[in-house]
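Heavy-atom basis, side chains included; hydrogens, waters and symmetry copies ignored. Residue numbers start from 1 in every chain, and the chains themselves are labelled A, B, ... in the order their sequence lines are given, proteins ahead of strands. Just so you know, these numbers come straight off a predicted model, no measurement behind them.
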Amino acid sequence: MIESEIIKLIGAIMVLLGSIMAIISAYGLISLPDVYTRSHAGTKSSTLAVLLTLTGVFIYFLAAEHYLSIRLVLGIVFLYLTAPVAGHLICRAAYVSGIDIKKEITEDEIHENEYQTYRE
Amino acid sequence: MRENDVILQTVSKVAVFIILTFGMYLFLSGHHNPGGGFIGGLTLSSAVILLYIAFDVESVNKGIPVDFKLVAAAGVLISVLSGTGALLFGADFLSQSFAYFDLPLLGKTELTTVVLFEAGVALAVVGVVVTILINISEDV
Amino acid sequence: MTTIIFTTAIVLFCVAIGMALVRVIKGPSLPDRVVSFDVIGVNLISVVAVLGAILNTAAYLEVILIIAILAFISTIAFSKYIERGVIIDRKRNN
Amino acid sequence: METLITLLVGVLVSVATYLLLSKNLIRVVLGTAILSHAVHLLLLTMGGLKTGSVPILEDGVGTYTDALPQALILTAIVISFAVTAFFLVLVYRTYQTAGTDNLNEMRGSSDE
Amino acid sequence: MTLLHLLILFPIIAVVFIVTLGQLAPRLHLGWAALVVPVVLFAAFLTMVPTIAGNDTISGTIPWITELDLHFAVYLDGLSLIFALLITGVGSLVVLYSIFYLSKKRESLSHFYSFLLLFMGAMLGVVLSDNLMVLYLFWELTSISSFLLIGFWYRRKKSQYGAQKSFLITVGGGIAMLVGFIMLQVMSGTNSVQEIIAMRNSIQGHELFVPALILILLGAFTKSAQFPFHIWLPDAMEAPTPVSAYLHSATMVKAGLFLVARFTPVFGGEATWFWLVSGVGIFTMFWGALFAVKQKDLKALLAYSTISQLGLIMSLFGLGSAALHGGASTDSVVYTTAIFVALFHLVNHSTFKGALFMIVGIVDHGVGTRDIRKLGGLMTLMPVTFTLAVISSFSMAGLPPFNGFLSKEMFFTATLTAKEMNFFSMDTWGMMFPVIALAGSVFTFTYSMVLVFKTFAGRYKRDKLEKNPHEAPIGLLISPIILCSLVILLFIFPNQLSKYLLAPAMNGILPTFQGIEGLIPKIYAWHGFNTELLMTAIVVVLGFVLVRTFKYWKEIYDLFPQRISIDQGYQNLLAFSESTSNSITNFYMTGFLRHYLFYIYGFLLIVLSGTLFLTGSIVINTADDAQIGIYEVLLVLIMATAAVSILFTKSRMTATLLNGVLGYSIAIFFVLFRAPDLALTQLVVETVTTVLFLLCFYHLPEWSKEDRNLKVRIPKMVIAIGMGVLTVLISLSAQGNKLFDSISSFFEDSYELAGGRNIVNSILGDFRAFDTMLEVVVLFIAGVGVYTLIKLKSPQGGDTNERK
Amino acid sequence: MNNILVFPMVIPVITGVALLFFRSYPAVQRWSTIAAMLSVFAISLWILEDVRSNGIMRLDFGGWTPPFGITFVADSFAMLLVAAASFVSLICMLYAVFAGDKRREYYFQYTFMLLLIAGVNGAFLTGDLFNLFVCFEVMLLASYVLMTLGGEKKQLTEGIKYVLINILSSWLFLLGLAYVYGTLGTLNFAQLSLRIAEAGQPPILTAISILFLAVFSLKAGLVLYFWLPGSYSALPTAVSALFAALLTKVGVYALFRTFTLLFYHEPSITHTIIGWMAITTLAGGSLGAIAYVDIRKIAAYNVVIAIGFILVGLASNNAAGIQGSIYYLVHDIVIKGLLFLIIGTIIYLTSNARLDRTSGLITNYPILGWIFLITTLSLGGVPPFSGFAGKLMIGQGAISSGEYVMVGAAFLSSLFVLYSLIRIFLNMFWGEVLIPRKHQIPLPFPLLAPLVVLAIVTIGLGLGMDFMAPYVTDAATVLMNPEVYIEGALDNE
């Protein structure tokens, strides 16, 4: 019994970690200077946060109810699959719609190559 | 610009498959778990929406050559007629019945007429949602 | 013990959602908002998951998956809208 | 909890009402959407909140939350979706035909 | 079904034959066919005279709507019989006259005779009905047929005007009368006039008694063209002359008199009744006579004359009703004479006025104009017509040896008697009656003389006439000749009339007086030198003077400026009501949706909060609330923030996103409140809606700024906040007032009942599957609706009528 | 086990939906629509007769006994309205078929009309508050589509207003429903009535009833009729007739149900408010009816007047008044259908909706002219046409309950009705003949036939009112005695 309690606790702690991650990611979302960096914070770390949480809950259910949730696994897989695509699409959309990158952050590499034709 | 949606399209194909499976699951499990005709239908149609977003109307329609208006109509007819079917057995309109059968391999299985009704609902939902979306997109 | 942790986690998630909401409202650009919206969706997944754990029921697992699906769909819809103004093309020109 | 949600409903109703009184059609549509949110929440609240567990029968669970309002809300959600969809399309068709999305310019001829 | 029913229905059924005949035999003058009807009817009613004269009555009932106590009940007594004979008798003569008057070629005779017969049936219905509502039915039918007849030449503007006016006034009066009838019905519980008369004493004290009386009188006054409702009658003269002779002098306008007579046993003796009937009557008599003098059109003159004469008879009925004040006794009998005279004059008036109208018709026919200024000197050209004119107008003026003299004398007697009354404040006001009667009679004399002598005497002005005047064909002359002979005959044998018709009628009007001595006075042409004779002499002398000096005193009519005349008032009223209603309606029906919403919300706020506060229903009780978690507060805050910020966003996309946030957060609440199915549905629907928004945005412009104008924003804010507060208040009170437990525990057996563990889904799919089915239908309609909305575009883009 | 009850609703639904598969066969669409409506009418007559002789009929959907399942409850009141509505719809359909608007036919005009009727019939029959909401939605959505079908500018701009106001009222309805469920815990009319009676209608319920009053008033056009004139004047003839005959009546029906079956314990509050609303409606309608020269508007305001008139009966709150209202409702369904068909026909024939631009039509179209006159008189409540019985009884009801202001307003409004319509008659039908016979648009008999039928019905109903009386009495008895309804709707033997 103790064992399962410990596993539950592990799950809970993973959830907590996830939540802290979420806060950090949200902080990034607020404080970072331009779309691209913000989207970085938004998509990458948030995804990590939610994956942590889901895994935590998955473990928790496993321990508490001996319930192996396929759907939860499916959800995790789905998130893994789609989150990067979503992030990619938004950044591209932002770029295409002509939002400038804060100059001090980085150089616009794409501009010079791939999308040049479009811009003109 | 040559639009490059390869990433989106590739992922979408997988995602659509997952969503369709999930939608079917929701539809079928509705009797004992959250889900049912509506939700199943809505989820299925969200899969179709994803397809439309990732690809385009014409190519999707080539793949699924159905008039979704008629799908919707068929759905409504199925659900209404499933209610009317009860009349044939001298029951009240929309009476549903269920029974348990011991089927080989599957064991105790529940069969219920609600499934037919819900199937109609799901079909109608898919038909309507897709009709609306396609028509707005096709409008210039 | 776990309940306290879970509750704390939900509160933190909610705070995160609130912060993301601030970004949705402030903008300044549309992609900013969409990103934050996506973040809200993702955080909601977490909230639901943890709530499921607190309430000790598997009934919400479907909800988790559906949020994931839908957040994805709406995000790509938004990004296509930002990019082209049309989210469903009649016929792709390539 | 009920009181809190009711207050939230009040806020939503106020916002929706304000939007409904706008002259811009999109605002109006949004208003109807928010109004429907408010009403659904209220409907759920009126059935009593958190009075039992999820209304999916399980062994060993004594009380369930009132399921009837949930069924009603489900119906209402779908109906509101249907109405919103139609209204939205109506709005843009009107814009196309009348050339304006400003309600104040849609007086309709009083005496032609 | 009695004979009486048949008699009433006969003309109405005959309409069908007339129309068919018009199709079958186009060469026949339909008048001949139509003539059969009144002649047969007249004969039938004549056969009933002995029965009625023997103080018997005839009645019968055909059930119609039992539930509403509506029966086709007929009742023939002396009063009805007089009218029935007038209707059919004058009817026969008029139809006969019209055969020669209306050309077969030019006029749509089938319409004319249909309307006329319709009217005849309706009028018979009015005088014979015993059921209030059936009476009302026929009453309105007379108005309608009169409307159609006035508008017979429907292409003329003036016909339209006259028809509309008579319709509005008489039907309006009819509606008032109906309300009065309903009141009577409510008071007495019956629709039968005779039963109501029998119940007189028990309903007299009812609070509705006087209102009912006034309303019924309104009906009578409008129909009988009493002041100030007389204005329709002159315009009704647009109808063909036979119609004027029939409806607008001899019969329909007398329906009001009939009504007053019929209800005298119910209302008579009531001061209001006495004063209204006699006062309005006597004033109308004077007013009509006064204005008749100034008319230039012969028919208009006759119209005013009719108004005046109707007023005379009306006032007599009023004066006579005083008899009922003291109950049936020999003391009251002196007053009943007035009623007797009223009946007598009613008959007399029909004879001479009918004749006069026909004569005017002949003149009009012969010379092509009715304008007094163009007429003159026709005496030698139309000798027969002239003779007839003299007879009838002298009778109207009250000169011997014509029947008008008798009734005019008795009228004076009645007013003089009334003066002596010591109740109804008559001791102060009673003198008014003889004086006004005298004045009115002077003018009556005047216009009668104008009528005859301006037309037939004086200088012949050929150049002003359209046609070459000549004596009328014999066909046209028959009817007026018959009437004029009656004028003389009635002077010679008045007491025969009295015995067979007037006496039974008196019994009908004053059933309680039946058999009391002196009820039926003897009529004498000569009753010595008395005040009445003196009055007649004054009338003749003064009238003569007035005729001669007309051009000197006609300026007094300028004292009644055209602008403020009643007729002008009517027109102004119509114009005013049209323009006012237009401006009022346009004032609030602005076409702005926002205004309509303002009204709706305003109504809700006022009425709802009014009820809420006045009934004291605000009871807030939060004891049963579930506990609140901190994250729930956070979620509520997030939602409230998202909602409120929608108001301030500058871009529609942000608003849509925020709406999405709202939708998703609500889904979380659904999770919190144990509703996974809802959460699922809400999420998907929200997403699909968002996608829809995005799709539609392609076709829509970015939203514009709302009005910054405080005049718009403040009411919006007030209403918005008011609605919010109101919703919260009612919701909280409702939650604090949980009266009953929900029925939903039943559904918790869903596994046994419906074989499903998911209760919500069992409800949707089984317990309340019908809702679900319809919901799918709703969705279906929306889907196909969107399709049609998008695909079916108006070809021109603008307004089009169908099938164009 | 009275499955026949569902047919007035299900036949139109099935037919309407199935028509989607016959898009390219207009003949199939037309005649199956007519056949469906004919059978609905026949069935509703059959039920009506059965209900009168055997008492209230009930259908429990899915066999779930009330209050748990949804029920259809047919009392005479509901059935009278179903029968009248089905009949007038049948006639309107016939008109639509003969008018043959190809464009709209191709875009499923008949489907939407049928679904509209399904919603209307469902609303009349249902015995469940939430189901009433759903039926309303079926009806409303169909009406939204019909309102905008054709895509003309005026249709769309007026459609927006119509749709929005109705959406608002729908949500208010749901709000009220939430309150009712929260306080009373049930949705079945009969059980609601029982529970309200048991609780003695405390103040909060009265307040909630006012919310319902507002909602149904919006649908009925009582005081809150702002949406009505504009939207009714933007429609093709048959549809406008259908709208005028049915839409507001459903709201009126709901008002009657709610305030006779449920919230009848505080008449001094609720019925007084209804009374004043009726008076306001009468005044507003009367003013509107004479304010315009656009005949469609005149007709639309006449709809408003009738609503006020009918509600006077409810406000009187006695047997006579209620009975009168029922008579008048049935009459009004018929006559408003007729009025709008005529108005539409006139506009079609003259391409003109102003009464001062055309005249002498009676020479061109004599039958139309006479039908119009009959309609005018019938609308004015002149006997022996169908409006009289209702007018009489409403008058009696209002007088015996001492509501003299209402009596005055109601009967004065009749004068306005007559004036507004006789003005049309005088101006358009009488006067100089402007259209030479050679150039007049022919009015084929099939197009005229529906009008003739309705005109005959209005005369026949007036003369043969005795035939209808037992049904009306029965209906009024049920309305005045909630326990009768409750017994019929809740009794599980």
Report summary line: So, the part of E:Y601 with a heavy atom under 4.5 Å from chain F: the answer is side chain
Query raised in the report: Who among F:V382, F:L377, F:L175 has the most heavy-atom pairs with chain E under 4.5 Å?
Result: F:L377
Query raised in the report: Can you say whether F:V138 sits under 4.5 Å from chain E via the side chain, the backbone, both, or neither, judging by heavy atoms?
Result: both
Report task. Name the region of F:M468, side chain, backbone, both or neither, that has any atom closer than 4.5 Å to a heavy atom of chain E. Result -> neither
Report task. Pick one of side chain, backbone, both or neither for E:F603, based on which atoms fall under 4.5 Å of a heavy atom in chain F. Result -> side chain
Query raised in the report: What distance do F:S400 atom OG and E:M183 atom CE have between them, rounded to the nearest 0.5 Å?
Result: 10.5 Å
Query raised in the report: Does any heavy atom of chain E fall under 4.5 Å from the side chain of F:F112, the backbone, both, or neither of them?
Result: side chain
Report task. Give me the one residue out of E:N582, E:N586, E:T585 that meets side chain to side chain donor-acceptor pair (under 3.5 Å) with F:Y292. Result -> E:N586
**Report entry** Residues E:L604, F:L211; criterion side-chain contact (heavy atoms from CB on, under 4.5 Å); working and verdict
**Finding:** CA-CA 8 Å; E:L604 260 178; F:L211 187 60; 3.9 Å; yes
Requested in this report: Give the member of E:L753, E:T580, E:V607, E:L789 that has the highest number of heavy-atom pairs under 4.5 Å with chain F.
Outcome: E:L753
Query - Contact check, side chains of E:M589 and F:P229, non-hydrogen atoms, under 4.5 Å - result: yes
Query raised in the report: Any idea which heavy atoms bring F:Y181 and E:S744 closest together, and the distance?
Result: OH-OG, 3.8 Å
Requested in this report: Assess the pair F:F226 and E:Y599: is the distance between their ring centroids shorter than 6.0 Å?
Outcome: yes
**Report entry** E:D771 side chain vs F:F130 backbone, donor-acceptor pair below 3.5 Å
**Finding:** no
**Report entry** Side chain proximity check, E:V777 to F:V134, heavy atoms < 4.5 angstrom
**Finding:** no
**Report entry** Atom group of F:L373 that falls short of 4.5 Å from chain E, counting heavy atoms
**Finding:** side chain
Requested in this report: Look at the rings of E:F770 and F:F61 and say which category their plane angle falls in: under 30° parallel, 30 to 60° tilted, over 60° perpendicular.
Outcome: parallel
Requested in this report: With a 4.5 angstrom heavy-atom cut-off, could you sort out which part of E:Y161 is near chain F: side chain, backbone, both or neither?
Outcome: neither
Requested in this report: Decide side-chain contact (heavy atoms from CB on, under 4.5 Å) for E:L792 and F:Y106; before the verdict, give the C-alpha distance in whole Å, the side-chain angles of both, and the deciding distance to 0.1 Å.
Outcome: CA-CA 9 Å; E:L792 180 56; F:Y106 188 63; over 6 Å; no
Query raised in the report: What are the two closest heavy atoms between E:L608 and F:A207, and how far apart are they?
Result: CD1-O, 3.3 Å
Query raised in the report: Side chain, backbone, both or neither: which part of F:F425 has a non-hydrogen atom closer than 4.5 Å to chain E?
Result: side chain
Query raised in the report: For chain F, which of E:M773, E:R156, E:M133 has the most heavy-atom pairs under 4.5 Å?
Result: E:M133
Query raised in the report: Near E:Y588 OH, under 6.0 Å, is it more than 12 heavy atoms from other residues, nucleotides or ligands?
Result: yes
**Report entry** Contacting moiety of F:D128, where chain E heavy atoms sit under 4.5 Å
**Finding:** side chain
Query - Side-chain touch F:T270/E:T611, heavy atoms, less than 4.5 angstrom - result: no
**Report entry** Part of F:L115 lying under 4.5 Å from any heavy atom of chain E
**Finding:** side chain
Query - For chain F, the option from E:V134, E:L148, E:I763, E:L141 that forms the most heavy-atom pairs under 4.5 Å - result: E:L148
Query raised in the report: Looking at F:L20, F:L146, F:V407, F:I273, which one has more heavy-atom pairs under 4.5 Å with chain E than the rest?
Result: F:L20
Query raised in the report: Taking F:M9, F:M465, F:Q191, F:R195 one by one, which has the highest count of heavy-atom pairs under 4.5 Å against chain E?
Result: F:R195
Query raised in the report: Can you say whether F:L172 sits under 4.5 Å from chain E via the side chain, the backbone, both, or neither, judging by heavy atoms?
Result: side chain
Query raised in the report: Based on non-hydrogen pairs under 4.5 Å, which of E:I584, E:L178, E:L612 is most in contact with chain F?
Result: E:L178
Report task. Answer yes or no: is there a side-chain heavy-atom contact under 4.5 Å between E:Q185 and F:I399? Result -> no
Query - Test item: E:D766 and F:W64 side chains (from C-beta on) under 4.5 Å apart, heavy atoms - result: yes
Query raised in the report: So which of E:I781, E:V778, E:T615, E:V784 has the biggest tally of heavy-atom pairs under 4.5 Å with chain F?
Result: E:I781
Query raised in the report: Considering all heavy atoms of both residues, which atom of E:I743 and which atom of F:P67 are nearest to each other, and what is their separation?
Result: CD1-O, 3.4 Å
Query - Interchain contact, F:I204 with chain E, by part (heavy-atom threshold 4.5 Å) - result: both
Query raised in the report: chain F: which of E:A769, E:G151, E:P63 shares the most heavy-atom pairs with it under 4.5 Å?
Result: E:G151
Report summary line: Cut-off 4.5 Å, heavy atoms of chain E, and the answer for F:Y404 is side chain
Query - Closest non-hydrogen atom pair, E:G172 against F:L415 - result: CA-CD1, 3.4 Å
Query raised in the report: Are any side-chain N or O atoms of E:K738 and backbone N or O atoms of F:G182, one a donor and one an acceptor, separated by less than 3.5 Å?
Result: yes
Report task. Could you tell me whether the side chain of E:S577 reaches within less than 4.5 Å of the side chain of F:I290, counting heavy atoms only? Result -> yes
Query raised in the report: Is the gap between the ring centers of E:Y136 and F:F388 under 6.0 Å?
Result: yes
Report summary line: Cut-off 4.5 Å, heavy atoms of chain E, and the answer for F:L205 is side chain
Query - Toward chain F, the part of E:A176 with a non-hydrogen atom under 4.5 Å - result: neither
**Report entry** Contact check, side chains of E:L597 and F:L164, non-hydrogen atoms, under 4.5 Å
**Finding:** yes
Query raised in the report: With F:W430, which of E:F147, E:F152, E:F167 fulfils ring pair (Phe, Tyr, Trp, His ring centres under 6.0 Å)?
Result: E:F147
Query raised in the report: Which answer fits F:T363, side chain, backbone, both or neither, if we ask what part of it has an atom under 4.5 Å from a heavy atom of chain E?
Result: both
**Report entry** Contact origin within E:Y596 toward chain F - heavy atom pairs under 4.5 Å
**Finding:** both
Query raised in the report: Does the pair E:F740 and F:T186 meet the rule for a side-chain contact (heavy atoms from CB on, under 4.5 Å), with working shown?
Result: CA-CA 9 Å; E:F740 294 93; F:T186 183; over 6 Å; no
Report summary line: In terms of heavy-atom contacts, E:V186 and F:Q396 come closest through CG2-O, 4.0 Å
Query raised in the report: Is it the side chain or the backbone of F:Y301 that comes within 4.5 Å of chain E heavy atoms, both, or neither?
Result: side chain
Query raised in the report: Non-hydrogen atoms of chain E under 4.5 Å away: do they reach the side chain of F:L224, the backbone, both or neither?
Result: side chain
Query raised in the report: Does F:K161 reach the main-chain N or O of E:G591 with its side chain, forming a donor-acceptor pair under 3.5 Å?
Result: yes
Report task. Start with the C-alpha gap between F:Y179 and E:T727, add the side-chain angles, then the distance that decides, and say whether side-chain contact (heavy atoms from CB on, under 4.5 Å) holds. Result -> CA-CA 10 Å; F:Y179 296 144; E:T727 318; 3.5 Å; yes
**Report entry** F:E432 with E:K157: basic N within carboxylate O range, under 4.0 Å
**Finding:** no
Query raised in the report: Do you know the tightest heavy-atom contact between E:R768 and F:F68?
Result: CG-O, 4.4 Å
Requested in this report: Please look at E:E578 and chain F and tell me whether the side chain, the backbone, both or neither of the residue comes under 4.5 angstrom of a heavy atom of that chain.
Outcome: both
Query raised in the report: Do the side chains of E:E775 and F:E137 get nearer than 4.5 Å, heavy atoms only?
Result: no
